[in-house]
Amino acid sequence: MLTDLQAQLRQAHAMSVPVRIVGAGSKQGWHAPQQGEALHVGSHVGIIDYAPAERVISARAGTRLAEIQAVLASQGQMLAAEPPDFGGHATLGGALATGWSGPRRPWAGAMRDQLLGVEILNGQGELMRFGGRVMKNVAGFDLTRLMVGANGTLGLITEAHLKVLPLPEVETVRVFELPQADAIALANRLCAAPWPLSGAAWQGGLLRIRLSGNAAAVATAQQQLGGEPDVERHWFARLQAMQLDSFAPPGAEQGLWRLSLPQTCPPLLADYPQLIDWAGGRRWLSAPLDAAHAINTSARSAGGHALLQRSQAGWPTAPRNPTLLALEARIRRALDPRQILNRRQGD
């Protein structure tokens, strides 16, 4: 499979033909359309190595996250960043390419924090390896992390090595009925205290606080924090899998935005329906497409940024920092000189 992928990329480079990387298709509709011939990597699967004692797992990019999580769970371990698995369909390569992390991210770290090493095929079909299987092997470590969130524009990820963490002994959720401003304030007060938090999300007037850790710590926190038990027992699992109603495809002329903001930012664009995660650091917002300018301006003014994540009617581009754009272009030219990988339509 790797040889076939390499041959396809070499031919595409020689002919300057754009290619779009296709895994399991779990994120179809979650990004602007890409141009080019499909390069299918969904069959490049399998866990290569797993050392529970060393808390390191290596797998090929097409391996389903659900399979990896099941193997880890059998040994009492997990991918701590909780990358969204889209109902069991998402792959490891897709999770790394998008860089998305789940509700545990502020407390356990992002996907890039848990990536030790990666193997890629660059835009010329050359096989490259960065990092390694252990933390002390840091050769190429920064390039490893650059692959996370690059959306396949710097190279086709073929395999990866990740560190894993133990599963918590106990996990429970407490619910508080609060308006948005009070919910953000409370979530941040709890984050500043030594409580065993692993999730803080607000939607529809309800703030959910997830507690994870040893039984004694969770029991103490639950008793002192108060709140009500969550009648929706699997709400955080649905949030992690991107299966809540907030993530449904938007209607015509509507869009779903992902806002990255300072965690303590007060309510922003409160007239639009929102799902707030990461104690305020990530906010999903549903709004008309013609509100794009107002949304981008508000996010920048608050010290963050907004990204249109789902749309059926168009993909208005947001202004980007010119310095970052120039740096991104230099890195991309080094790894994909003809920019054939995952080129957006219209680029």
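Excluded from the calculations below are hydrogen atoms, water molecules and symmetry mates; all remaining heavy atoms, backbone and side chain alike, are included. This one's a predicted model, so the numbers in the text were calculated from it and none came from an experiment. For this chain, numbers begin at 1 and follow the sequence in order.
The side-chain heavy atoms of Leu308 and Leu289, taken from C-beta on, include a pair separated by under 4.5 Å. Proximity of His13 to Arg338: side-chain heavy atoms (C-beta onward) are separated by under 4.5 Å at one or more points. In this structure, the side chains of Met147 and Leu154 come closer than 4.5 Å at one or more pairs of heavy atoms. Side-chain contact between Leu79 and Val164 is present, with heavy atoms from C-beta onward closer than 4.5 Å. Looking at heavy atoms from C-beta onward, Leu156 lies out of side-chain contact with Val19 at the 4.5 angstrom threshold. When side chains are defined from C-beta on, Glu232 counts as touching Arg238, because their heavy atoms get closer than 4.5 Å. In this structure, the side chains of Leu197 and Leu211 come closer than 4.5 Å at one or more pairs of heavy atoms. Put simply, the side chain of Pro288 does not reach to within 4.5 Å of the side chain of Glu253, judged on heavy atoms.
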Discussion item. Show, in sequence, the C-alpha distance, side-chain angles and deciding distance for Phe236 and Glu171, and conclude whether the side chain to side chain contact (heavy atoms under 4.5 Å, CB included) test is met.
Written reply: CA-CA 11 Å; Phe236 269 100; Glu171 200 160 80; over 6 Å; no

Worksheet entry | Test side chain to side chain contact (heavy atoms under 4.5 Å, CB included) applied to Thr98 and Asn151, step by step | CA-CA 5 Å; Thr98 58; Asn151 291 305; 3.9 Å; yes

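Between the Thr158 side chain and the Glu119 main chain, a donor and an acceptor come within less than 3.5 Å of each other. Put simply, the side chain of Arg310 gets close to the backbone of Phe247: a donor and an acceptor are under 3.5 Å apart. Under a 3.5 Å cut-off, the side chain of Trp278 and the backbone N or O of Arg104 do not form any donor-acceptor pair. Judged purely by atom type and a 3.5 angstrom limit, Asn122 uses its side chain to pair as donor or acceptor with the backbone of Gly125. Proximity of a side-chain donor or acceptor of Gln274 to a complementary backbone N or O of Leu269 within less than 3.5 Å is detected. Counting only distance, with no hydrogens or angles, the side chain of Arg343 and the backbone of Pro18 share no donor-acceptor pair below 3.5 Å. With Ser74 contributing its side chain and Val71 its backbone, the two residues share a donor-acceptor pair below 3.5 Å. The backbone N or O of Ala81 lies less than 3.5 Å from a partner atom in the side chain of Gln114, making a donor-acceptor pair. At distances below 3.5 Å, not a single donor-acceptor pair connects side-chain atoms of Asp4 with backbone N or O atoms of Met1.
Taking all atoms of both residues into account, the shortest heavy-atom contact from Leu162 to Met111 is CD2-CE, 4.0 Å.
Linking Ile, Leu, Val, Met, Phe, Trp and Tyr whenever their side-chain heavy atoms come within less than 4.5 Å leaves Leu65 and Met242 in two separate clusters. No chain of hydrophobic side-chain contacts below 4.5 Å, direct or via other Ile, Leu, Val, Met, Phe, Trp or Tyr residues, connects Leu178 to Val173. Hydrophobic clustering keeps Leu96 apart from Val45 (ILVMFWY residues linked when any side-chain heavy atoms are closer than 4.5 Å, directly or through intermediates). Linking ILVMFWY side-chain heavy atoms closer than 4.5 Å, directly or via other members, places Leu239 and Leu256 in a single hydrophobic cluster. Leu335 and Leu2 fall into different hydrophobic clusters, where Ile, Leu, Val, Met, Phe, Trp and Tyr side chains are chained together by heavy-atom contacts under 4.5 Å.
Residue Asp277 is tested with Arg258, Arg208, Arg282 for a side chain to side chain donor-acceptor pair (under 3.5 Å); the sole match is Arg282.
By the 6.0 Å contact criterion, CD on Gln312 is enclosed, its count of non-hydrogen atoms from other residues, nucleotides or ligands being greater than 12. No more than 12 heavy-atom neighbours from other residues, nucleotides or ligands sit within 6.0 angstrom of CD on Gln11.
Rounded to the nearest 0.5 angstrom, Gln203 CD and Leu275 CG are separated by 5.0 Å. With rounding to the nearest 0.5 Å, the separation of CD1 in Ile68 from CD in Gln77 is 13.5 Å. The distance from the CH2 atom of Trp235 to the CD atom of Gln240 is 12.0 Å, given to the nearest 0.5 Å. To the nearest 0.5 Å, atoms CD1 (Ile48) and OG1 (Thr63) are separated by 7.5 Å. Note that CG of Leu307 is 9.0 Å distant from CG of Asn296, once rounded to the nearest 0.5 Å. Note: Ile184 CD1 to Thr264 OG1 = 9.0 Å, rounded to the nearest 0.5 Å.
Under the salt bridge (Lys or Arg N to Asp or Glu O under 4.0 Å) criterion, Glu177 pairs with no residue, sequence neighbours left out. Every residue was checked against the side chain to side chain donor-acceptor pair (under 3.5 Å) condition with Asp182, not counting sequence neighbours, and none meets it. Thr153 meets the side chain to side chain contact (heavy atoms under 4.5 Å, CB included) test with Ala150, Arg332, Asn342; sequence neighbours excluded.
Ring pair Trp30/Phe86: centre-to-centre distance below 6.0 Å.
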